[in-house]
Amino acid sequence: MNKTNDIVEQRRKKLEDLKRKNINLFPNDFIVTSTVKDVVNIIENRADSITESASGGFVLAGRMMAINRFGKTAFIRFRDRSGQLQAYIRKDRVGDEAFYLFKQLDIGDFIGIKGGMFKTKTGEWTLLANEIKLVCKAIRPLPEKFHGLKDPEKRYRQRYLDLIMNSNVREIFVKRSKIIQEIRTFLLKRDFLEVETPMMQPIPGGAEATPFKTYHNALGMNLFLRIAPELYLKRLVIGGFEKVFELNRSFRNEGVSTRHNPEFTMLEFYQAYATYNDLMDLTEEMLRSAAINVTGSAVITYQGNSIDLGRKWRRMPLLTAMEEIGGIDPGLLDDRQKLLDFASSKGIPLTQKICQRPLADRLGKIIAKLFDILVEPKLIQPTYITGYPVEISPLSRKSDNDPTLTDRFELFIAGHEIANGFSELNDPDDQKERFLQQTADREAGDEEAHYMDEDYIKALEYGMPPAAGEGIGIDRLAMIFTDSASIREVILFPHMKREKTDTTII
RNA sequence: GGGCCGUUAACUCAGCUGGUAGAGUAUCUGCCUUUUAAGCAGAGAGUCGCGCGUUCGAGCCGCGCACGGCCCA
């Protein structure tokens, strides 16, 4: 016997009483004509002398969030999608029957109200109810109004309660939605075409990551949830869509953390006849205007750091950053053994996932790992790091002036990797060699190395115009724009382990 | 994978050196026609995450497990 449920039992009893009186607990015939925001706008704009306009015929509905009862009257607060409003219920106005029903209602119930606006003694605009009706009965009680819902586990598992109780959480997700809308509008205005490519792919490509695997019964084949849309988007560039983007989910089968969720949202876009330098300019403009339109300013605060997206963003070659920010003697940067010795002398372990086989991994991987530890956290103001080694950039075009490097950049803000972009490799023979190297790495035990994708090579052989492409992590961007320390704060339903009580699905 | 912290009423939290569990809000009953976390009077509500152990006795100590948070990898 779970006592949760004392309150629930009491409510169910009430519910039965109401049913016996032929009251519909879940009607669907209440017609709403205004939102709270509409009403407040109307009343404030014609405001001045109106202290009582009870004749007004506003019809609203919402969830009751608070009730102050006074015998034959009551003040309530209710909320719809646009905001919260106080209403005043008087027995002598709504009638005995409706008032009796109202007395049976609870916080959390949905109500419909008709009435006009007046100002209370304390000057608050309040809806004076002429009619009040039950629109939906709540059986479970809401969390306490003052402290709200704080337990992070409950907030994530029961996000609907989090959204009901915590207005700042609602605001975060509204902002997230606006960020996405801003980016979409920005690209559409510049003649990019929004497309959708397969999320289930026979060969997962476009990133170094472990995929989720699934099986298609009718086709009798394994499929993988995409780790990136990249190779399909470039097929579209080959097909003549010179400017394309996709803004949707990708999936990576790795641990969860404050920065990782197994499914995450990424923007990828490709532009023919552009270079990685063009994309840096474009990204800067796009994110700057998104910041201004979403947060109201190009200067945002993230975890105590003031981040200025308004000034020109710094651009720095990777090897320079290793030296100047990471404090690594440039003489070490072309010798993997020296770098390994340096790492161990600094107590930096290179044995984990990102660099899983330190003895076998090639120079570029070791540099990348050291960069993650020594440089990335220090890149607080927006910074483009450029010139990544070829061996960790298997889809990027080699630099004309240094074939060991690529025309590639990554963008860092607040110590987070936000974007990765490059001039695309469009030489099919070079691409094939890169894939072969990746295949060799995979056979040597690197589970995240790329698969050979013969079909993509074939596509390249038809000719892809010179192009540049980029991916932007939308969740991380949302974190920064909403000052959220964890990715779970910007994903409505973050993945968690199952609760014991969950039904097991095999 | 490792470390630290957490899990007590519907919610937010107390609970000392081990002695059979407490507050506020919410709920229920009564009073109340302008409240702002309304007020007054009264009442009910707990498998102290789960299991094992130590002990005369465990919310508290030990071991294991589950879930969560943060940090590290």
Checklist line | Strand RNA chain B in bracket notation, Watson-Crick/G-U under 3.5 Å with | for pairs to another chain | finding: (((((((..((((.....[..)))).(((((.......))))).....(((((..]....)))))))))))).
Check: How long is the line joining CG of A:D162 and C1' of B:G68, in whole Å?
Finding: 15 Å
Checklist line | Interatomic distance at P, B:C40 relative to B:C50, whole Å | finding: 36 Å
Notebook entry, point to check: Do you see a donor-acceptor pair shorter than 3.5 Å between the side chains of A:R176 and A:T265?
Noted result: yes
Check: Looking at RNA chain B, which of residues 60-71 of chain A put a heavy atom within less than 4.0 Å of it?
Finding: A:N68, A:R69, A:F70, A:G71
Check: Hey, mind stepping through A:E124 and A:R77 against salt bridge (charged side-chain N to carboxylate O under 4.0 Å, His left out) and telling me if it holds?
Finding: CA-CA 12 Å; A:E124 179 171 349; A:R77 275 172 199 288; 3.2 Å; yes
Notebook entry, point to check: What's the CZ-P distance between A:R259 and B:A73, to the nearest Å?
Noted result: 11 Å
Item checked: Check: A:T320 side chain, A:M316 main-chain N or O, donor-acceptor pair, under 3.5 Å -> no
Margin query: Check for me whether A:R408 meets the cation-pi criterion with A:Y388, that is, NZ or CZ under 6.0 Å from the six-membered ring centre and within 45 degrees of the ring axis.
Written below: yes
Margin query: With a 4.0 Å cutoff (strictly under), does any side-chain N or O of A:R498 reach OP1 or OP2 of B:C67?
Written below: no
Check: Any side-chain donor-acceptor pair under 3.5 Å between A:D308 and A:Q381?
Finding: no
Item checked: Closest listed nucleotide, where the reference is the side chain of A:P141 and the choices are B:G69, B:C11, B:A10 -> B:A10
Next item on the list: Would you confirm whether the ring centroid of A:F30 sits within less than 6.0 angstrom of the ring centroid of A:F110?
Entry: no
Check: To the nearest angstrom, how far is A:E144 atom CD from B:A9 atom P?
Finding: 14 Å
Check: Rounding to the closest angstrom, what is the interatomic distance between B:C56 and B:G2 at atom C1'?
Finding: 40 Å
Notebook entry, point to check: With a non-hydrogen cut-off below 4.0 angstrom, is A:K13 in contact with a base, only sugar-phosphate, or nothing?
Noted result: nothing
Note to self: Over all strands shown, is A:Y88 touching base, sugar-phosphate only, or nothing at heavy-atom distances under 4.0 angstrom?
What the structure shows: base
Notebook entry, point to check: Using a cut-off of less than 4.0 Å, is there contact between a side-chain N or O of A:R140 and OP1 or OP2 of B:A26?
Noted result: no
Note to self: Is A:K497 close enough to B:C67 that one of its side-chain N or O atoms is under 4.0 Å from OP1 or OP2 there?
What the structure shows: yes
Note to self: Could you tell me how far B:G24 sits from B:G69 if I compare only their C1' atoms? Round to whole Å.
What the structure shows: 25 Å
Next item on the list: Take the protein atom CZ of A:F146 and the nucleotide atom P of B:U25, then report the distance between them rounded to whole Å.
Entry: 11 Å
Note to self: Set out, in order, the CA-CA distance, both residues' side-chain angles and the distance that settles salt bridge (charged side-chain N to carboxylate O under 4.0 Å, His left out) for A:E16 and A:K19, then state yes or no.
What the structure shows: CA-CA 5 Å; A:E16 289 307 317; A:K19 267 189 200 164; 3.6 Å; yes
Checklist line | Aromatic A:F212 / basic A:R252 pairing, under 6.0 angstrom, 45° off normal | finding: no
Item checked: Protein-nucleotide distance (A:K369, atom NZ; B:C72, atom C1'), rounded to Å -> 11 Å
Item checked: Integer angstrom distance from the P of B:U8 to that of B:G49 -> 6 Å
Check: Looking at B:U33, B:U35, B:C67, which one has an atom nearest to any side-chain atom of A:D92?
Finding: B:U33
Check: Side-chain N or O of A:K14 less than 4.0 angstrom from OP1 or OP2 on B:C28?
Finding: yes
Notebook entry, point to check: CG of A:D17 versus C1' of B:C28: gap in Å, rounded?
Noted result: 13 Å
Next item on the list: Ignoring hydrogens and angles, answer whether the base of B:U36 and the side-chain atoms of A:E124 contain a donor-acceptor pair closer than 3.5 Å.
Entry: yes
Margin query: Which residue in the set A:K137, A:R140, A:R63 passes salt bridge (charged side-chain N to carboxylate O under 4.0 Å, His left out) when paired with A:D106?
Written below: A:K137
Notebook entry, point to check: What distance, rounded to whole Å, do you find between the two C1' atoms, one in B:G15 and one in B:G46?
Noted result: 14 Å
Next item on the list: Take A:F371 and A:F412, measure what ring-ring contact (aromatic ring centres under 6.0 Å, His included) needs, and give me the verdict at the end.
Entry: CA-CA 12 Å; A:F371 177 89; A:F412 297 88; 5.3 Å; yes
Note to self: Can you confirm if the NZ or CZ of A:R442 lies within 45° of the ring axis of A:Y451 and under 6.0 Å from the centre of its six-membered ring?
What the structure shows: yes
Note to self: Roughly how many Å apart are B:A43 and B:G3, using the C1' atom of each and rounding to a whole number?
What the structure shows: 47 Å
Item checked: Base B:U35 paired with A:T120 side chain (donor-acceptor, <3.5 Å) -> yes
Next item on the list: Taking only the side-chain nitrogens and oxygens of A:K154, find out if one of them lies under 4.0 Å from OP1 or OP2 of B:G68.
Entry: no
Next item on the list: Determine the contact category for A:R155: base if any of its heavy atoms lies under 4.0 Å from a base atom, sugar-phosphate if only primed atoms, P, OP1 or OP2 are that close, otherwise nothing.
Entry: nothing
Notebook entry, point to check: Does a side-chain N or O from A:K145 land closer than 4.0 Å to OP1 or OP2 of B:A38, or not?
Noted result: yes
Notebook entry, point to check: More 5' along RNA chain B: A:I107 or A:K121, using each one's nearest nucleotide?
Noted result: A:I107
Note to self: Distance check needed: B:U35 P versus A:L128 CG, whole Å only.
What the structure shows: 15 Å
Check: If we take the C1' atom in both B:C48 and B:A14, what is their distance in whole Å?
Finding: 13 Å
Check: Between A:I7 (CD1) and B:U25 (P), how many Å, whole number?
Finding: 14 Å
Note to self: What's A:D151 touching, base or sugar-phosphate or nothing? Going by heavy atoms closer than 4.0 Å.
What the structure shows: sugar-phosphate
Checklist line | B:G18 to B:U55 separation - P atoms, rounded to the nearest Å | finding: 16 Å
Notebook entry, point to check: Does B:C71 have OP1 or OP2 sitting under 4.0 Å from an N or O in the side chain of A:T258?
Noted result: yes
Checklist line | Side-chain donor-acceptor pair present, A:Q158, A:D162, cut-off under 3.5 Å | finding: no
Next item on the list: Scan A:M165 against the nucleic acid and name what it touches under 4.0 Å (heavy atoms): base, sugar-phosphate only, or nothing.
Entry: nothing
